[in-house]
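Taking it in order: structure first as structure tokens, then the write-up.
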Protein chains: 2
Amino acid sequence: MQKDLSTEERILSAAQKVFLAKGMDGARMQDIADEAGINKALLHYYFRSKDKLFEEIFLKVAASFLPKIFQVLNTDSSVFGKIESFCDEYISQIVKTPYVPIFILNEINRQPKTFLKKVFGSNKPPVEKFFKQISEEVQAGIIKPVEPFHLLINVLSLCVFPVLASPLIQLVGGLNNEQFNQMMERRKKEVSQLIINSIKT
Amino acid sequence: MQKDLSTEERILSAAQKVFLAKGMDGARMQDIADEAGINKALLHYYFRSKDKLFEEIFLKVAASFLPKIFQVLNTDSSVFGKIESFCDEYISQIVKTPYVPIFILNEINRQPKTFLKKVFGSNKPPVEKFFKQISEEVQAGIIKPVEPFHLLINVLSLCVFPVLASPLIQLVGGLNNEQFNQMMERRKKEVSQLIINSIKT
DNA sequence: GTCTATATTCCGATAGAC
DNA sequence: GTCTATCGGAATATAGAC
């Protein structure tokens with residue numbers, strides 16, 4: 001409970017924390033009220049219903065997370081540079097907010113059309129420019145012939161999955177939380193090198 | 001509703017379907033009863049509570065899924081052979097039951113210690129033999145020096161993540177379900193080649 | 001705006017007839 | 001074993017005082 005913030009801000013902050021930890025179905029309005037240091041009635045005063053409050057949070061979280069995936073891909077670096085930046089920035093981001101990816105995947109799985117439409121609108125995520133750049137660098141002989149779509153999926157998978165499965169991975173490797181984070185730190189280079197080595201001529 | 005099965009089997013089948021689709025928190029006993037073609041009271045007659053029924057399903061699903069990850073790693077093939085078999089078999093399995101991975105990750109995230117302990121008992125997943133084999137093949141000059149733990153994480157990530165994020169990936173690639181499955185089929189070779197190329201001398 | 005108290009709905013679980 | 005009916009509690013939401 002942060003007393004310096006406005007009530008509305010405290011509610012949003014508390015709701016985000018609770019929804020991220022428990023998901024829409026597992027979260028209770030009482031939990032959120034407790035976390036914000038207020039009572040349930042006030043939640044309904046500010047946001048009409050649990051659904052409305054959840055949607056507010058989901059869109060905020062998803063909009064600040066998903067587009068970042070594609071942002072790096074639209075800078076004006078080389079393909080190699082983009083891959084390195086992506087691994088570096090995205091793993092940093094994910095390790096800081098480890099609940100976010102599974103939260104988003106979950107709610108997308110339950111409401112595939114509704115939510116994705118609200119996040120991206122009617123346009124597809126902006127990957128065309130990146131795919132085109134890859135084709136050009138293939139033509140120029142800088143990188144080997146490669147499926148751009150698979151390349152994108154590979155990088156994403158290698159960065160995000162370990163966090164999604166962290167309890168399992170920590171069990172297999174016998175890692176505590178700090179050791180896991182150190183492993184993810186090393187992984188920035190591990191992943192970008194793996195991908196870059198696979199495509200450089 | 002399958003009339004040829006015993007009531008208990010019908011309940012288990014219905015419960016699995018509903019729990020996989022909605023998770024523990026989102027599932028309703030009424031949903032399960034409807035799916036099984038019976039009424040709520042009978043659910044409680046066969047399984048004392050929702051918790052007990054869920055645990056039954058979770059352990060069944062997790063026990064038939066997680067150990068398979070490590071099973072291939074303990075055959076007597078070469079490292080290359082194991083990687084190929086793994087990608088082939090695991091992707092086939094996942095595409096057939098796409099709800100399973102996110103279901104398991106979700107419930108593990110909410111009950112990290114309880115459930116993992118029940119699935120694996122007190123032992124760690126059996127990866128030591130595989131890790132040792134990798135060290136030996138590195139010594140023998142068959143494969144490049146490599147972190148066995150990262151190698152395992154890489155293969156797992158590349159196989160499982162695309163299914164976890166399938167709604168997003170289908171949106172980015174403009175793929176319908178059938179096209180997605182075809183892409184996953186091609187991915188069996190894509191992934192094993194990527195990994196094998198990265199370690200062969 | 002914020003609270004207490006209460007209405008309302010939903011859901012897991014049980015009682016009891018057949 | 002299976003059903004209908006119902007209990008009891010929990011959770012969302014509202015009413016109304018301050």
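Chain identifiers are assigned alphabetically (A, B, ...) following the order of the sequence lines, protein sequences preceding nucleic acid strands; residue numbering begins at 1 within each chain.
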Looking at every strand, decide which applies to Ala27(B) at a 4.0 Å heavy-atom threshold: base, sugar-phosphate, or nothing. sugar-phosphate
Of the listed nucleotides (dC3(D), dA11(D), dT2(C)), which one gets closest to any side-chain atom of Arg28(A)? dA11(D)
Round to the nearest Å and state the distance from Asp51(A) atom CG to dT12(D) atom P. 10 Å
Full working for side-chain contact (heavy atoms from CB on, under 4.5 Å) between Phe70(B) and Phe120(B): CA-CA 12 Å; Phe70(B) 308 105; Phe120(B) 288 111; 3.9 Å; yes
Within the supplied structure, the quantity of interest is the number of heavy atoms (other residues, nucleotides, ligands) at a distance under 6.0 Å from Asn176(B) CG; does it exceed 12? yes
One pair to check against salt bridge (Lys or Arg N to Asp or Glu O under 4.0 Å): Asp25(B) and Arg110(B). What are the steps and the verdict? CA-CA 11 Å; Asp25(B) 292 330; Arg110(B) 296 215 203 301; 3.8 Å; yes
Considering only side-chain heavy atoms of Lys50(B), which listed nucleotide, dT2(D), dT14(D), dG12(C), is closest? dG12(C)
Tyr46(A), nearest nucleotide to its side chain (from dG1(D), dT4(D), dT2(C)): dT2(C)
Is any side-chain nitrogen or oxygen of Arg48(A) closer than 4.0 Å to OP1 or OP2 of dA13(D)? no
Please confirm whether the shortest side-chain N or O distance from Tyr45(A) to OP1 or OP2 of dT14(D) is below 4.0 Å. no
Side chain of Ala41(A) (C-beta onward), nearest among dA13(D), dT12(D), dA15(D): dA15(D)
OP1, OP2 of dA13(C) versus side-chain N and O of His44(B): anything below 4.0 Å? yes
Can a side chain N or O of Thr7(B) be found less than 4.0 Å away from OP1 or OP2 on dT2(D)? yes
Quick one: Phe19(A) CZ to dT12(D) C1', roughly how many Å, whole number? 12 Å
Out of dC3(D), dG12(C), dC3(C), minimum distance to the side chain of Met29(B) belongs to dG12(C)
Phe19(B) side chain reached by Lys50(B) side chain, heavy atoms, under 4.5 Å: yes
To the nearest angstrom, how far is Asp25(A) atom CG from dC11(C) atom C1'? 14 Å
Counting just side-chain N and O atoms, does Asn39(A) come under 4.0 Å of either OP1 or OP2 of dT2(C)? no
